[in-house]
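Let me begin by presenting the structure, written as structure tokens, before commenting on it.
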Amino acid sequence: MHKQISTGIQGLDAILYGGIPDGSAIIIEGAPGTGKTTLGVQFLYEGAVQADEAGILITFEEFPEQIYSDMKSSFRWDLRQLEKENKLRVVGLSPDVLLEQMMKPDGLIEQMIHEIDCKRIVIDSISLFRYFTAANDFEERRVLYQLRNILRKFKLTSLLLQEQSDLNVSHVPFSHFIVDGVIRLSVRPHLDVFRKRILEVVKMRGTRIIEGEHTYRITDKGIYPLNAAQTIAEHHREAKDKISTGIKELDHLLDGGMDRGAVYMLDTNSRANYMPLIGSILSERLSSQDHLLTVLSSTQTVEELDTLMSRHNIELGKVINEKRVHFIEHYNRQVPSGWEKAVYYVNGLDNEGYDQFLRNKCYPLIQSEISCETKWFVYYDLNTIISERGTDYVLRSFAKEAAFARSLGMTVLVLCNFKEVGEQVASFLERTTNGVFKTWVDGSNQYLQVTKASNGQLSEPYLLESTKEHPFIRLI
Ligand SMILES: Nc1ncnc2c1ncn2[C@@H]1O[C@H](COP(=O)(O)OP(=O)(O)OP(=O)(O)O)[C@@H](O)[C@H]1O
Ligand SMILES: [Mg+2]
């Protein structure tokens with residue numbers, strides 16, 4: 001896979017999980033005034049300033065002078081200065097001259113590329129090729145192919161701006177097939193009086209994307225996509241139901257807590273002491289009257305959970321009597337008397353039998369209680385499922401179970417060692433979950449980082465410190 005390069009537009013990099021693939025050709029399409037030119041110039045400006053990558057802006061539509069003054073007055077981008085530093089060239093010419101010069105060995109464009117060691121190019125706009133080729137489809141395709149091949153030859157990362165001529169979105173223009181990515185900008189009426197700007201990644205080879213419509217603004221710093229949480233607020237949707245982890249700082253990182261009905265992973269290994277985290281989250285759930293379903297692991301017994309909960313002032317026996325806790329047990333271990341009613345023994349069940357147990361026993365129980373407004377929290381160690389049921393079973397069933405949990409509004413926390421399960425399984429799991437916390441030990445310190453969250457934001461690594469008082473840990 002190609003390395004990704006920052007677009008220089010923070011929110012867009014987040015949507016693209018880092019940026020656009022190096023050397024790719026991306027179409028930016030949109031109606032007049034949606035900000036195509038702004039986005040293109042921002043890509044070159046930030047590329048030069050932040051990444052020290054030189055760029056060329058080819059404009060068919062405006063005079064360079066006009067662009068200098070527009071960009072200076074709208075965004076305070078000093079393009080002339082960048083030209084002086086050999087970080088930028090702004091070239092105004094016609095489509096036919098561009099092609100002619102690009103095709104020619106040692107033509108104007110090639111010279112310029114070498115002169116400034118150019119890495120990025122923006123063409124504003126390729127729609128004009130259509131006029132130039134007299135709307136002859138065949139001719140237009142040939143020209144676009146040529147253009148793309150030349151860009152490849154020079155290993156340039158390019159943004160090709162394009163007027164969205166066809167409002168019929170189901171019609172895919174030919175140009176979209178030959179490029180590596182398409183980003184669409186549009187403006188929609190919103191609440192009668194407002195207009196809402198929307199950015200959508202329609203296609204992007206070689207990188208994951210955050211799908212869907214992202215609200216963006218044009219500010220005096222250029223294009224500014226809002227993050228997912230802001231977008232939701234913007235859509236006037238009801239704020240998501242948040243549930244506390246019991247750890248103030250972690251709740252804060254998650255914009256108020258975990259999302260009810262979402263699936264989270266805690267990526268950890270046996271060296272990291274993750275039990276205080278689990279203790280805080282589970283006890284917080286139980287004291288909020290949630291119901292808990294947990295799969296016991298080889299290293300975790302009912303008694304240990306009892307000890308952990310009592311530290312947080314939760315009497316497990318009492319909650320069991322209230323029928324609020326259920327255990328799935330793979331190891332046929334004894335439990336204190338009176339607690340058997342909370343335990344489902346699944347040792348001896350093969351994978352098919354286990355599936356049947358989930359479908360016929362477990363899910364109906366949850367469903368029947370959900371209808372009486374019960375909130376469920378599910379916690380288990382995925383390594384137990386992997387060692388008892390196999391990786392294939394997990395790959396086959398995890399996404400399905402996650403979808404089921406979400407549909408019932410159950411919140412799920414899954415413990416997993418990403419390193420141990422291997423890169424491929426880990427990336428599958430990460431994609432399937434709504435959030436990932438990672439905790440690890442380095443030297444004598446333990447750290448915690450939110451590496452995936454619904455607000456689209458990756459946190460800094462925080463030091464996990466134990467404290468004397470409830471919840472016995474804090475992040476610093
Ligand atoms: N500082 C600013 N703050 C907010 N909005 C701005 C600012 N500067 C420019 N704009 C808005 O940005 C838009 C200009 O976008 P831009 O020229 O990049 O669009 P475009 O898609 O290239 O349009 P066209 O197809 O006409 O070339 C205008 O609607 C303008 O009102
Ligand atoms: Mg423009």
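Atoms within each ligand, like the ligands themselves, are counted from 1 in listed order. These values consider heavy atoms only, across backbone and side chains, with no hydrogens, waters or symmetry-generated copies.
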Practice problem: With a 4.0 angstrom cut-off on heavy atoms, strictly below it, pick out the residues next to ligand 1 and order them by chain and number. | Solution: Ala31, Pro32, Gly33, Thr34, Gly35, Lys36, Thr37, Thr38, Ser74, Phe75, Glu163, Arg197, Ile218, Thr219, Asp220

Quiz item: How about Phe63: does its CZ atom have over 12 heavy atoms from other parts shown lying under 6.0 Å from it?
Solution: no

Exercise. Using ring-ring contact (aromatic ring centres under 6.0 Å, His included) as the criterion, list what pairs up with His470, not counting sequence neighbours.
Key: His312, Phe472

When the side chains of residues 5-14 are checked against the rest of the protein, which donor-acceptor pairs come out under 3.5 Å, sequence neighbours left out?
from	atom 1	to	atom 2	distance (Å)
Ser6	OG	Gly8	N	2.9
Ser6	OG	Asp13	OD2	2.6
Thr7	OG1	Ile9	N	3.1
Thr7	OG1	Ile9	O	3.2
Thr7	OG1	Asp13	OD1	2.7
Asp13	OD1	Thr7	N	2.8

Quiz prompt | Greater than 12 external heavy atoms within 6.0 Å of His252's NE2 | solution = no

Quiz item: For Gln50 and Glu46, what are the C-alpha separation, side-chain angles and deciding distance, and is it a side-chain hydrogen bond (donor to acceptor under 3.5 Å, both in side chains)?
Solution: CA-CA 5 Å; Gln50 291 179 29; Glu46 299 297 348; 2.6 Å; yes

Self-check item: Side-chain H-bond candidate by donor/acceptor type, Gln446 with Thr439, under 3.5 Å
Solution: yes

Quiz prompt | Ser74 (side chain) donor-acceptor with Met71 (main chain) under 3.5 angstrom | solution = no

Exercise. Check for a donor-acceptor pair, side chain of Lys87 on one end and backbone N or O of Tyr45 on the other, with a separation under 3.5 Å.
Key: no

Quiz item: Near the Mg ion (ligand 2), meaning under 2.8 Å, how many protein N/O/S atoms are there?
Solution: 1

Exercise. Could you label the plane-to-plane angle of the Phe60 and Phe129 rings as parallel, tilted or perpendicular, counting under 30° as parallel and over 60° as perpendicular?
Key: perpendicular

